[in-house]
Every structure is written in C-alpha cells, then in structure tokens.
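Presented below is the structure to which this report refers.
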There are 2 protein chains.
Amino acid sequence: MAHEAQKAIARQSLLLKSLPDQHVETLLSHAIWRQYDRGETIFVQEESAQAVHVVLAGWVKLFRMSPTGAEAVVSVFTRGESFGEAVALRNVPYPVSAEAVSACEVMHIPSPVLISLMKADPEIGISILASTFTHLHSLVSQLEQLKAQTGAQRVAEFLLNLCDCDEGACEVELPYDKMLIAGRLGMKPESLSRAFSRLKAVGVKINRNHAEISDIPLLRDYADSDPAENWAR
Amino acid sequence: MAHEAQKAIARQSLLLKSLPDQHVETLLSHAIWRQYDRGETIFVQEESAQAVHVVLAGWVKLFRMSPTGAEAVVSVFTRGESFGEAVALRNVPYPVSAEAVSACEVMHIPSPVLISLMKADPEIGISILASTFTHLHSLVSQLEQLKAQTGAQRVAEFLLNLCDCDEGACEVELPYDKMLIAGRLGMKPESLSRAFSRLKAVGVKINRNHAEISDIPLLRDYADSDPAENWAR
DNA sequence: GGCATCGCTTGACTAATGTCATGTTCCCGG
DNA sequence: CCGGGAACATGACATTAGTCAAGCGATGCC
C-alpha cells in the first residue's frame, strides 16, 4: 500500500492541498496506488473515466492521436499534479490518452468517492474547479504560443519556465527527453535541435540534458519579441 | 429587462439546461442582461472575474494579446454558449479578453449568486464542470489540429463542423467574417484565402460568406489525411 | 453620385518548418 | 570491451505560412 512519503506528496498536490484534513484522509484511504514503467499506458482516448489521477513521482504525458497516426502532446505532468478531474466527474470518455514517459507512481481517486464527498461538501467542487482552471489556463497559454510564436521562441519560454529566478544567469536540467519536449512544443525533434542552435545567439548553451542560460532577461526579450525582428546570430 | 424569448434561449444553454427549474429561475432572476455593439469589449485579460457569461444572440470572441501585440483567438461563442465558469467561481483574473464581434446580447450571472446556489446544491457544481469540460475538450481539439494539420486541413474541419449531415453535398453560411475565421484557425487572412483556393480541388466553392461542399466524405478524407499525401490541384 | 474605407484576394518573396538521409554519440547488454 | 539501437545533430531539399504590396469590390457616408 501507500508509504507515508507518497501520501505527503499527495497532500501537497494542487487538488488536495486546500481541502480540510478530514476530507483529504478520506480520499487518501480510498485511493488506488500504482506504479508504471516507462512507456506504459495509463488510459486511452475514448475510454470512460473512472478516476482522477495524481502523479506522485515521474512524468506522465497526455496526448491525442490524429486519424493519420500523428501524435499531439497536450500536456506533461509530474509530481504533485493531477489530471482527469473534469472528465472523471461526468462519466464521459477521455478526450486524450495518458502514458508514463518515465517510471512513475500515480494515485487514482475513484470518481464515486469524489462525487459522494462533493455532495457532502460543495467546497470540494471549488477545489476541483481550481485544478481544472489551471489546466484550462495552461491550454490557453499553449494555444497562444503556438499561434503567435516561432518554435525557437516557444523553446525559450519553456526554458524560462524551468528557471526559478527571473534575472541573471541560471542552469537547469531538461526534465525529460528532447523528443517529448519537441512534441510538447508542437514541433519535430529536428526543429527542436535547430531551435537550440539559434538560442546560442541569446546566451543559451545546451549540453546533454543540461542547459545554461547566461542572461535571463535577454532570453525573455527574445521569447516575447516580434518574430520579424532580427537577432544577431 | 429580459424578454421571454431571451430567457428561453438562456434556459436551453448547456450551462442551465440540465438544472432543476427552480434553480434556473433563481439564476435568471438575478442575472444582468446586456447588449453590446460590434467591437465592444466585454472584459479584458487580468480583470477579476465577477460573473459567468451566457451568449443569447450574436457572436463573442475570447482572445489573448501577446506582449508584441499579436492577437490569438482562443474561442468564438454564440447563442446558447457560456464562458468564464471556472474563472468566475474562483475570483481569479481572466486569462483572456472578450469582445463582441457582432452586435450581441449577453446574460451575466454574478458569481456570488452561483456560488451560494452551489453551496445549496452540489448538482450545480457538476453542471458547471460540464460546461468547463466542453471548453477543455474544444481547446484540446484546437491544439491537436494546430499541431497536426496544415492550414487548409483546419479550414476543411471548420467547414465540416458547420455541416449538419455527414454525407453527400451541403451548403453552409460562414458564421462570421473571414478575418475572424483566420484568427480562430491560427492563420493570417491571406493564408485563409489561399486555403480556400486549395479546397477547390476537393469540391469546395466559396462565394462571399456562402460555402458549397460537393462531397462531404471527400473533404473529410482530405482533412484527416497525412499532409504529405498529394491531392491533385 | 462619387469617394473613402474595409474586407478580401492575389502575386512575389522570405522565413520557418517538415522530410529524408546521413552521421555521431551515448547507453545498455552481452 | 564490443556491438547494436535509440536519441540526437546536421545538411539538402520541399512545403507551408507569413510579409509586403497592389488591386478589386462592396458598403457606407457626404
């Protein structure tokens, strides 16, 4: 069953952290705890939703397959993030598939448990809306970026999101492999490679899965600039 | 105040249609009814949300301005559709701006009304999640299309969504002007024009805001085909 | 009626991205 | 330590979309 360490992570998740302890304990005690290997499927598109999922460790991607077999990555989640809220509560089919992209641990809260608790306390509904809103917001941002930025600019944003600080220099680790980063940013691995090359001009060095940013404000400017402007190479 | 005809439309909206009559009446009686001219702003990004909005007539667009001034259209709503649910219930800033793209009528349900009703009946929460899920789903589809289809294919999908039937031929009216369609599909008006030209090869004729589709399954095939495949021009 | 405006189309050109092919590096297992 | 496969990088080329500029046509205003 669940270790205390896992429960601690679950308690800090956006979904649960603002709920009263009592409800949290109820949910934790009814949850299903599972491990997945890299590449393992968590659920597939069109399958009917029966639980809300909370990632405790590792990385999970949500994606959609187009009729031609092209894969579009919708989001990537890690420790403390949850997904499937809006779907699980309505017993409708998942609009996406979910797959473990690294070995990972996921907690599943069966929908009936959540629904009965929600009927008892409407505050739960607000909490679920909070998570759902976060997802909406993230999708809107992605949409904006895809429509208004070049590939290299999206990569720049991605790197900036990995930084803690907002000035000076910074070193970060790429959280998952470049193929997935490319998918997440809506481009091919080749294009990602080239985008990284371009970013050299604005002080970004990539080595393996390690990135050095020499000037964060400069990179910010680049990411938010008009694509037409010229940035010395 | 509100005419009966407007109330009837509101009652059929996704947000309200599955609620008990009693609740619907409460919400309708507390709602604010407003008219907007073409181009008028309904709310702006970062403004704090105080109501859920239901479109009764006309068209409303939600969009985001990037720092450089580029506009990304996130969605376009019309009669019977609602927006702002997840935001209004949490008192957070809107992630997007809203503007009337034609003369239109919008009903605003103040968040406190909705919240107090939600506390009284958790079923309201489920109904709100239903609307929110619809938006999530639509954003996911848009993302998939942007990532996996060419401009012309997205236009094809757009036309197919306007058709009622799924076989034979069909004639439809373009619901709003081409500049907005282009924005909604993530392209420039010039590109939309050219996309329409290409679609001639798969039996689409555009005249003003009137579109003729001679072979719906053919257009479907085109929309879902691999961009690399060749379609005689 | 005439003129200005705006939405839309078209052409020529450029920038960005995908595709295909090739080569390198790294990691893992024998 | 070696070999094979996967991830990644790079070059050459095709396709797609954005940019800039010109022109058409309907609408509306004076």
Figure out the [atom1]/[atom2] separation between [X] and [N], and round it to whole Å.
X: A:K188; N: D:dC8; atom1: NZ; atom2: C1'; result: 16 Å
X: A:F196; N: C:dT17; atom1: CZ; atom2: P; result: 14 Å
X: B:Q153; N: D:dT16; atom1: CD; atom2: P; result: 9 Å
X: A:L185; N: C:dT17; atom1: CG; atom2: P; result: 11 Å
X: B:D226; N: D:dT16; atom1: CG; atom2: C1'; result: 14 Å
X: B:R198; N: C:dT10; atom1: CZ; atom2: C1'; result: 14 Å
X: B:L192; N: C:dT9; atom1: CG; atom2: P; result: 7 Å
X: B:K200; N: C:dT10; atom1: NZ; atom2: C1'; result: 11 Å

Quick one: is [N] close enough that its OP1 or OP2 comes under 4.0 Å of any side-chain N or O from [X]?
X: A:S197; N: D:dT10; result: yes
X: B:S193; N: C:dT9; result: yes
X: B:T150; N: D:dT16; result: no
X: A:K178; N: D:dA9; result: yes

Please state whether the rings of A:F43 and A:F83 are parallel, tilted or perpendicular, taking 30° and 60° as the class boundaries.
tilted

From [options], pick the nucleotide closest to the side chain of [X]?
X: B:R208; options: D:dT19, C:dT19, D:dA26; value: D:dA26
X: A:M179; options: D:dA7, C:dT9, C:dT19; value: D:dA7
X: B:E190; options: D:dT16, C:dT10, D:dG18; value: C:dT10

Considering residues, nucleotides and ligands other than A:R79, do more than 12 of their heavy atoms fall under 6.0 Å from its CZ?
no

5' priority, DNA chain D, between A:R194 and B:A152 [closest heavy atom]:
A:R194

On the six-membered ring of B:F196, is B:R194 placed so that its NZ or CZ lies under 6.0 angstrom from the centre and within 45° of the ring axis?
no

Would you say the ring centers of A:F77 and A:H135 fall short of 6.0 Å from each other?
yes

Between B:E105 and B:Q6 (side chain of the first, backbone of the second, donor and acceptor by atom type, cut-off under 3.5 Å), is there such a pair?
no

